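Input: a single structure, listed below in structure tokens.
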Amino acid sequence: MKQNFYQKVYEIVSKIPKGRVTTYGTIAELAGSKGSARMVGWALNSLKSQPVNLPAHRVVNRNGLLTGKHHFGGECIMSELLSNEGVKINGNRVINFEDYFWNPTETIY
DNA sequence: TGATTGACCAACT
DNA sequence: CAGTTGGCCAATC
């Protein structure tokens with residue numbers, strides 16, 4: 001069975017290593033639709049009602065900004081989680097984002 | 001079924 | 001610098 005966009009998103013996000021972050025656009029691209037970064041957010045949004053536990057806090061926007069922080073149930077939750085894993089956060093942005101950036105294609109291959 | 005929305009991205013005004 | 005527009009695709013109303 002072909003994996004849907006959702007399925008791919010879940011798969012990729014669940015594979016994000018601790019202390020790393022990735023972007024919606026990258027996930028969307030790997031999932032098969034580059035322009036569908038919004039769908040990634042949609043998928044993650046559905047996670048709130050699902051029994052799975054994906055590190056969605058490790059997914060940030062293209063600029064390394066924590067755009068989804070408000071959807072974690074709080075404004076500090078996302079930054080707290082990331083900083084707890086070793087990812088330094090400056091307000092709503094990941095410090096040294098390029099250095100923390102995780103490329104799914106390298107791990108999933 | 002049609003219209004709206006959505007945790008984005010890029011470009012333009 | 002802030003606001004708008006177009007694009008992308010699927011879910012929800």
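Small disclaimer: the values here were computed from a predicted structure and weren't measured. Letters go in sequence order (proteins before strands), and every chain restarts at 1.
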Fill in the blank from the handout: When rounded to whole Å, the CD1 to C1' distance for the pair A:I16 and B:dA7 reads 13 Å
Handout entry: Whether A:N63 side chain and A:L65 backbone form a donor-acceptor pair below 3.5 Å
Key = no
Exercise for the section: Name the nucleic acid region contacted by A:A56, choosing base, sugar-phosphate or nothing; use a 4.0 angstrom heavy-atom cut-off, strictly under. Expected result: base
Fill in the blank from the handout: Sorted by chain and residue number, the salt bridge (charged side-chain N to carboxylate O under 4.0 Å, His left out) partners of A:R58 (sequence neighbours excluded) come out as A:E85
Exercise for the section: Grab the CD-P distance between A:Q7 and C:dA11 for me, whole Å please. Expected result: 12 Å
Exercise for the section: Please identify each residue that fulfils ring pair (Phe, Tyr, Trp, His ring centres under 6.0 Å) with A:Y10, with sequence neighbours left out. Expected result: A:Y6
Handout entry: Whole angstrom value for the distance that separates P of B:dA7 from NE2 of A:H57
Key = 19 Å
Fill in the blank from the handout: So CG of A:L30 and CD of A:E11: to nearest 0.5 Å the spacing works out to 9.5 Å
Exercise for the section: Send over the distance from A:Y6 OH to B:dA7 P, rounded to a whole Å. Expected result: 12 Å
Exercise for the section: Write down the distance separating the P atoms in B:dT1 and C:dC8, rounded off to the nearest Å. Expected result: 23 Å
Practice task
Would you check if the side chain of A:Y100 reaches a backbone N or O of A:G64 as a donor-acceptor pair within less than 3.5 Å?
Solution key: no
Practice task
Look at all strands and tell whether A:F72 reaches a base, only sugar-phosphate, or nothing, counting heavy atoms closer than 4.0 Å.
Solution key: base
Handout entry: A:S33 (side chain) donor-acceptor with A:E29 (main chain) under 3.5 angstrom
Key = no
Handout entry: Nucleotide of C:dC9, B:dA7, B:dC8 approaching A:R38 most closely (side-chain heavy atoms)
Key = B:dC8
Fill in the blank from the handout: Rounded to whole Å, the CZ-C1' distance (A:F5 to B:dA7) equals 13 Å
Completion exercise
Between CG of A:L54 and C1' of B:dA7 the distance, given in whole Å, is 14 Å
Handout entry: Expected output: side-chain A:S83 to main-chain A:I89 donor-acceptor under 3.5 Å
Key = no
Contacts under 3.5 Å, N or O only, protein and nucleotides 9-13 of chain B:
unit_1	atom_1	unit_2	atom_2	d
B:dC9	OP1	A:R62	N	2.5
B:dC9	OP2	A:R62	N	3.4

Completion exercise
Separation of B:dA7 atom P from A:N92 atom CG, nearest Å, is 16 Å
